[in-house]
There are 2 protein chains.
Amino acid sequence: MSLPHALLGLLKYMPMTGYELKKFFDDSINYFWSAQISQIYRELKKLEENGYIKSARESGDKGPDKIRYSITDSGFSFLKDWLSNVPENIDEDNRNAFLLRIMLLSNLGAEEMHMQIQMRLEKYRKSLAELETVREKLSFYLEQTGNVDLLPFWKITLNRGFHDIKSHIEWAEESLAVLEIEIKKLKSKKK
Amino acid sequence: MSLPHALLGLLKYMPMTGYELKKFFDDSINYFWSAQISQIYRELKKLEENGYIKSARESGDKGPDKIRYSITDSGFSFLKDWLSNVPENIDEDNRNAFLLRIMLLSNLGAEEMHMQIQMRLEKYRKSLAELETVREKLSFYLEQTGNVDLLPFWKITLNRGFHDIKSHIEWAEESLAVLEIEIKKLKSKKK
DNA sequence: GAATTCATGTAACTTGTTACATGATTTA
DNA sequence: TAAATCATGTAACAAGTTACATGAATTC
């Protein structure tokens, strides 16, 4: 639903080709947004039809032609409109496959649930470490490219990631404790 | 993607009609999963074709006929298979429209961002209060229906919600502080 | 008597994914 | 020279939403 806005937002930084946009997704905002290359191309066409972006063909002496897109004034104001209108449903999409799984997991019993949450906990701890390196790279990158003014905004975005992972870790630890009590109860009943 | 599993999980509790399933979504797990009635009917047909559920027509003396679905053994083992296979991408969908918005919000400037996050903070605080009442209702409901054994599993699910909202509140408070510093900087520059 | 809820669906559309096609360039 | 990467797409499919249709029952 917000792919067009994501594309406009990225093109605001600099003009890019479809391929470059895909790369940008993959190695920067991949943590919270990704897209298929085929859909990017489809969407770019639509955005151009609407006059939100314009294209320029570049026939370099090497390789195939590139079509580089840049955002238009109309596109930027479209983006700003979207940003100004805060959605009522605060999460924009209340679907959470993770919570659905957790709820249904009771069908497998306390021990299986414990095992799965334990596995998640380990992954969360790894993610936390990875985010730490992303943070370091980001500061460095923004300083190098002279975009230091963007730093506080990016930090706010990144910080959300930290809070999210930390809350998962705390939840997992608490849940494991609850499940351990349940497992003990079941075992004492058997006797 | 997991609508069929959600339906199977709910039918595991008790046999229901399409309409009842929609209501169950709306007033119980709506916090993390919802579905359109049209899609529920479509999916129920598919599930029956696959033998995962079976239907029984009930022609009461009042109102139109009801088609009540119940889960089959084959359906339950299908559900258990899905639950046993933990997806590699732990979140199942890394797309986070909220983070995308936050990142792009820098296009509107620090003051607008501050205002929007302030609004969110207030909503989060309300959500926290609402979740509190959901928790109370749930305990009561499970005790009344004699499903006390499910209580720890439901608590784990609910608890995830609490951690989530709390992490949003903390993040919002920190972000507002950062933005206030930015706004002060900008104002002192003007002078 | 009108509006809402109950209960079932169909049709058209939008969004997103997977698989495939093409051809040049670079790297192992 | 084979594989990977660059750069563009098309086609078919899967999943989800919106709008519409039908008719009985209940509530205002």
Side-chain angles (χ1 to χ4, degrees), chain A residues 1-8 11 15-27 30 32-50 53 55-69 82 87-89 91-97 100, chain B residues 1-8 15-27 29-30 32-50 53 55-69 82 87-89 91-97 100:
Chain A
M1 191 50 250
S2 348
L3 178 60
H5 307 104
L7 293 173
L8 288 174
L11 290 179
M16 280 183 267
T17 69
Y19 197 86
E20 285 164 354
L21 282 162
K22 169 63 176 163
K23 285 194 72 183
F24 204 106
F25 273 103
D26 286 354
D27 48 59
N30 186 267
F32 59 90
W33 204 270
S34 61
Q36 233 60 35
I37 181 80
S38 57
Q39 214 196 336
I40 289 176
Y41 283 120
R42 204 207 276 161
E43 205 61 48
L44 284 171
K45 260 188 191 166
K46 251 196 225 170
L47 286 170
E48 192 172 20
E49 275 168 28
N50 291 330
I53 57 176
S55 66
R57 185 165 225 108
E58 288 177 19
S59 21
D61 36 317
K62 287 182 185 180
D65 283 9
K66 290 180 184 184
I67 301 172
R68 175 155 284 126
Y69 293 92
W82 181 72
E88 274 150 64
N89 47 333
D91 285 316
E92 214 135 327
D93 183 7
N94 66 340
R95 218 159 271 185
N96 189 326
L100 179 67
Chain B
M1 192 49 248
S2 347
L3 178 60
H5 307 104
L7 292 172
L8 288 174
M16 281 183 267
T17 70
Y19 197 85
E20 285 164 354
L21 281 163
K22 169 64 176 163
K23 286 193 71 183
F24 204 106
F25 273 103
D26 285 354
D27 47 59
I29 62 173
N30 187 266
F32 60 89
W33 204 269
S34 62
Q36 233 59 35
I37 182 78
S38 58
Q39 214 198 335
I40 290 176
Y41 283 119
R42 203 204 281 160
E43 204 61 49
L44 285 171
K45 260 189 191 165
K46 249 195 227 173
L47 286 169
E48 191 173 21
E49 275 169 27
N50 291 330
I53 57 177
S55 66
R57 186 165 224 110
E58 286 177 20
S59 20
D61 36 316
K62 287 181 185 178
D65 283 9
K66 289 179 185 182
I67 302 172
R68 176 156 282 125
Y69 293 93
W82 180 72
E88 274 149 64
N89 46 334
D91 285 314
E92 217 137 326
D93 183 7
N94 66 338
R95 220 160 270 184
N96 190 326
L100 179 68

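Quick note on labels: first sequence line is chain A, next is B, and so on, each numbered from 1. Note that the structure is a prediction, hence the values are computed from the model and not measured.
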From C-beta outward on B:Tyr19, which listed nucleotide comes closest to its side chain: C:dG9, C:dT8, D:dA15? C:dT8

note: A:Arg57, atom CZ; D:dT8, atom C1'; distance rounded to Å ~ 9 Å

Looking at every strand, decide which applies to B:Lys22 at a 4.0 Å heavy-atom threshold: base, sugar-phosphate, or nothing. nothing

Given the structure, check if the side chain of B:Ser38 and the base of D:dT18 hold any donor-acceptor pair shorter than 3.5 Å. yes

Value in whole Å for how far the P atom of C:dC20 lies from CD of A:Gln39: 19 Å

A:Ile37 and A:Lys22 have their tightest heavy-atom pair at CD1-CB, 3.6 Å

Does a side-chain N or O of A:Tyr41 approach OP1 or OP2 of D:dG9 to a distance below 4.0 Å, or not? no

For B:Ile37, answer base if it contacts any base atom (sugar-phosphate contacts may also be present), sugar-phosphate if it contacts only those atoms, and nothing otherwise; contact means non-hydrogen atoms under 4.0 Å. base

Take atom CD1 of A:Ile40 and atom P of C:dT15, then tell me their distance rounded to the nearest Å. 16 Å

Without decimals, in angstroms, what is the distance between A:Leu44 CG and D:dA7 P? 14 Å

Can you check the B:Arg68 CZ to C:dA7 P distance for me, whole Å? 9 Å

Under 4.0 Å from OP1 or OP2 of C:dG16: is there any side-chain N or O of A:Gln36 that close? no

B:Glu43 CD - C:dG9 C1' separation (whole Å): 15 Å

Is there a side-chain contact between A:Arg95 and the phosphate of D:dT17, meaning an N or O under 4.0 Å from OP1 or OP2? yes

In this structure, how many angstroms lie between the C1' atom of D:dT8 and the CD atom of A:Glu58, rounded? 14 Å

Quick one: is C:dA7 close enough that its OP1 or OP2 comes under 4.0 Å of any side-chain N or O from B:Lys23? no

Take the protein atom CD1 of A:Ile67 and the nucleotide atom C1' of D:dC6, then report the distance between them rounded to whole Å. 14 Å

Candidate pair B:Leu21 and B:Leu44, rule side chain to side chain contact (heavy atoms under 4.5 Å, CB included), full reasoning: CA-CA 10 Å; B:Leu21 281 163; B:Leu44 285 171; 3.9 Å; yes

OP1 or OP2 of C:dG9 sitting under 4.0 Å from any side-chain N/O of B:Lys45? no

It should be established whether A:Lys66 places a side-chain nitrogen or oxygen under 4.0 Å from OP1 or OP2 of nucleotide C:dT25. no

A:Lys46 has a side chain; which of C:dA19, D:dT18, C:dT15 sits nearest to it? C:dT15

Nearest heavy atoms of A:Ala35 and A:Leu3, plus distance in Å: CB-CD1, 3.8 Å

Could you tell me which residues satisfy side-chain contact (heavy atoms from CB on, under 4.5 Å) with A:Thr17, sequence neighbours excluded, listed by chain and number? A:Tyr19, A:Glu20, A:Lys66, A:Arg68

Check whether A:Asn94 reaches the backbone of B:Asn30 with its side chain - one donor and one acceptor, N or O, closer than 3.5 Å. yes

Position toward the 5' end of DNA chain C (nearest nucleotide), B:Arg42 or B:Thr17: B:Thr17

